[in-house]
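In what follows, chains carry the letters A, B, and so on, assigned in the order in which the sequence lines appear, proteins first and then strands, with residues in each chain numbered from 1. Heavy atoms only: backbone and side chains are in, while hydrogens, waters and symmetry mates are out.
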Amino acid sequence: MRFSRGFFPTLKEAPAEAEVVSHKLMVRSGMIRRLAAGVYTLLPLGLRVQRKVEQILREELNRSGAQEVFLPTLNPAELWRKTGRWEIYGKELIRLKDRHEREFCLGPTHEEVITDLVAREVRSYRDLPLNLYQIQTKFRDEIRPRFGVMRGREFTMKDGYSFDRDETGAEQSYEEMVQAYTRIFRRCGLKFSAVEADSGAIGGSFSHEFMVMADTGEEAITVCNSCGYAANVEKSPVSLKLPENEGGELEKVHTPGAHSIEEVSEFFSLPPYRMVKTLLYIADGEPVAAMIPGHRELNETKLKNTLDAVDIELADAETVEQLTNSEVGFAGPVGLLGVQIVADTSIENCGGLVVGANQTDYHYTGAREGCDFTVSKFADLTVAQEGDACPGCEAGLSIKRGIEVGHVFKLGCKYSESLDATYQDESGETHTIVMGCYGIGVGRTVAAAIEQNHDEDGIIWPTPIAPYHVDIIPVRVDDETMEICDGLYNSLESAGLDVALDDRDERPGVKFKDADLIGFPYKAVVGPRGLKEGKIELKSRKTGETLLVAINEAASFLNNLVTEEMESIG
RNA sequence: CGGGGCGUAGCGCAGCCUGGUAGCGCGCCUGCUUCGGGAGCAGGAGGUCGGAGGUUCAAAUCCUCUCGCCCCGACCA
């Protein structure tokens with residue numbers, strides 16, 4: 001592509017709304033433009049990169065035996081009602097009605113549609129296993145779209161679904177997808193790790209997230225440097241042990257003005273872990289009290305799973321006051337009526353605890369679980385912290401940040417059951433199909449690649465997903481130079497490289513700056529300095545190294561460089 | 001949805017407090033000179049100051065409502 005004909009609107013300054021590097025650089029380099037909150041137009045450069053990622057996805061998924069389909073965006077409500085998600089998915093689901101008042105939604109994911117398809121078409125064990133995927137626009141009315149293409153309301157996602165006869169088969173499909181994903185992200189030039197994850201609203205029993213390590217990531221991950229264990233903090237198990245403690249008798253103490261754990265802890269001159277936080281939640285409409293040691297944070301995902309609830313939220317002040325008959329800050333398990341109490345396992349049989357007394361300005365000391373109050377369920381309820389013991393090897397965990405670019409789930413029969421996706425085995429017996437589902441955020445992968453590969457001048461594309469491999473830069477736009485550039489352009493194109501030619505009548509500095517911003521892996525500079533010796537300068541974006549190569553050798557030289565890089569990274 | 005902030009030329013911003021001529025930098029157009037890391041000079045185009053109401057002789061500026069956007073939290077690829 002020649003710059004003079006191209007649509008590459010680069011910007012010197014990033015729009016004020018862009019917060020993270022990838023967003024800024026995508027806007028500045030002319031890849032994307034915003035239409036509305038979380039809704040973006042892909043310009044030619046952005047589209048090229050996205051297409052390259054999609055191509056890698058197709059190659060690797062096809063290689064693993066999956067087949068591409070294309071499912072409708074417009075989904076009838078009826079299907080979603082069958083699985084119960086019309087209600088469960090909530091406000092995130094974009095709903096609409098047609099002229100006959102029939103209800104539809106725009107697909108935020110496609111378990112319903114694909115399972116319905118398979119339920120209709122698959123009869124026999126001979127049809128299994130089956131693995132289908134699509135690359136398509138998804139719609140989710142995110143509460144808070146942000147970071148450009150990283151969390152949009154309309155975005156491109158690759159979603160795939162596997163269908164197997166049984167658990168064993170499903171596990172094998174899952175493993176194949178993990179392998180495919182590993183190849184995909186490696187080819188995209190990303191440093192990533194597959195971490196254990198919570199299976200969330202989609203449901204299911206087992207899942208991994210593919211996280212690209214980046215300080216701007218929205219996810220916190222626990223990582224063990226010793227055995228390699230990695231998990232989303234939401235999922236990362238914590239087993240707390242509180243120090244032994246005699247306890248003493250239950251006693252109500254006047255604690256004026258002490259609301260927070262710090263204040264109460266200071267009041268009694270006792271360490272925070274002897275305090276117990278009692279947090280009141282509304283879980284699917286029912287009040288629940290969750291107790292955790294005072295020095296810890298509650299993990300809402302774990303709480304939700306423990307309660308087997310669809311939706312939980314922290315009770316508001318009014319509700320808390322109603323339930324505890326006191327101001328906010330004095331909730332405790334002793335004498336708390338009509339509320340289910342769950343607690344972190346560390347509290348089981350524990351004595352000498354300081355808890356709220358459900359009376360303004362009063363706390364109990366010397367409370368003992370099992371004696372002064374009873375808990376209906378114990379579970380791991382806290383958020384993992386830096387230094388916690390690794391569940392694999394007991395070494396200290398560290399906390400890192402990551403961007404979730406992919407997610408693999410073992411779904412089980414959740415959808416195949418509600419949509420009646422079954423098959424007959426060799427003996428004619430009917431079984432429910434066992435499913436898995438696998439997602440990759442395509443735009444997010446592109447953004448993550450930028451987060452990991454950039455410098456102060458702009459993007460440094462990994463060669464396999466660069467919009468163009470080489471940018472030819474004539475220093476002077478005169479006939480002699482342009483003739484050489486055109487020659488190089490043609491031979492590179494016929495060698496199969498993606499090549500840009502900056503034939504604009506601009507000063508060289510402008511071209512260099514744009515080339516660095518856009519992030520072409522190589523610049524081929526054709527100018528008087530090199531031409532004196534009959535040579536072209538090849539400059540690597542990544543290393544900044546410059547090589548002088550004879551004009552007639554430049555094409556094959558570049559071709560070798562690029563090919564080598566594509567292969568080594570693949 | 002709760003908390004914080006912002007809407008003035010394509011982009012980045014000033015002006016608003018204390019009402020009275022709409023400004024700066026970049027970009028864009030024309031010309032000349034330049035030409036190896038975002039050139040210089042000269043000339044020029046471009047703005048219903050997010051929208052609606054109100055106060056006032058007079059509103060970008062004050063008041064009310066509204067729409068949009070961004071940041072912090074719960075959701076997720």
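- Within 4.0 Å of A/Ala14, counting heavy atoms only, lie sugar-phosphate atoms of the nucleic acid but no base atom.
- Using a 4.0 Å heavy-atom criterion, one finds that A/Gly544 contacts no nucleic acid atom at all.
- Residue A/Glu17 is classed as a sugar-phosphate contact, given heavy-atom separations below 4.0 Å to backbone atoms only.
- Electrostatic pairing of A/Glu68 and A/Arg58 counts as a salt bridge here, judged by a charged N lying under 4.0 Å from a carboxylate O.
- Taken to the nearest 0.5 Å, the OG1 atom of A/Thr109 stands 10.0 Å off from the CD atom of A/Gln136.
- Taking atom CD of A/Gln50 as the reference point, atom C1' of B/A77 lies 12 Å away to the nearest angstrom.
- For the pair A/Arg151 CZ and B/C71 P, the computed distance is 11 Å after rounding to whole Å.
- Under a 4.0 Å N-O distance rule, the pair A/Arg5/A/Asp503 does not qualify as a salt bridge.
- A/Arg28 comes within contact range of at least one nucleobase, with a heavy-atom separation under 4.0 Å.
- One interatomic measurement links the two molecules: CD of A/Gln136 to P of B/A77, which rounds to 16 Å at whole-angstrom precision.
- Looking at the side chain of A/Arg34, the nearest of the listed nucleotides B/C11, B/C72, B/C69 is B/C69.
- Side-chain N/O atoms of A/Arg146 include one lying less than 4.0 angstrom from OP1 or OP2 on B/C72.
- Contact check on A/Lys158 versus A/Glu54 returns no salt bridge, with no Lys/Arg side-chain nitrogen under 4.0 Å from an Asp/Glu carboxylate oxygen.
- Within 4.0 Å (heavy atoms only), A/Glu92 reaches sugar-phosphate atoms of the nucleic acid but no base atom.
- Checking the phosphate oxygens (OP1, OP2) of B/C26, no side-chain nitrogen or oxygen of A/Lys12 falls inside 4.0 Å.
- Within 4.0 Å (heavy atoms only), A/Glu219 reaches at least one base atom of the nucleic acid.
- Atom P of nucleotide B/C11 and atom CZ of A/Phe8 are separated by 21 Å, given to the nearest angstrom.
- Between A/His407 and A/Phe409, a ring centre-to-centre spacing shorter than 6.0 Å is recorded.
- In terms of modelled atom types and a separation under 3.5 Å, the side chain of A/Asp455 and the main chain of A/Gly458 share a donor-acceptor contact.
- A salt bridge links A/Asp502 with A/Arg504; the closest basic N to acidic carboxylate O contact falls under 4.0 Å.
- To the nearest angstrom, C1' of B/G27 lies 14 Å from CG of A/Leu517.
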Sequence-aligned protein contact record of nucleotides 30-37 of chain B, with B where the base is within under 4.0 Å of a protein heavy atom and S where only the sugar-phosphate is: ----BBBB

Just the table, please: protein N/O against nucleotides 3-10 of chain B N/O, every pair under 3.5 Å.
none

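- Between A/Arg144 and B/A74 there is no side-chain polar atom (N or O) within less than 4.0 angstrom of OP1 or OP2.
- Remark: A/Arg95 fails to qualify as a cation-pi partner of A/Trp80 under the 6.0 Å distance and 45° angle criteria applied to the six-membered ring.
- Using the six-membered ring where Trp is involved, A/Phe210 and A/Phe192 have ring planes that are tilted, between 30° and 60° apart.
- When rounded to the nearest whole Å, the span between CD1 of A/Ile184 and P of B/A77 equals 16 Å.
- We find that NE2 of A/His110 is positioned 18 Å from P of B/C76, with the value rounded to whole Å.
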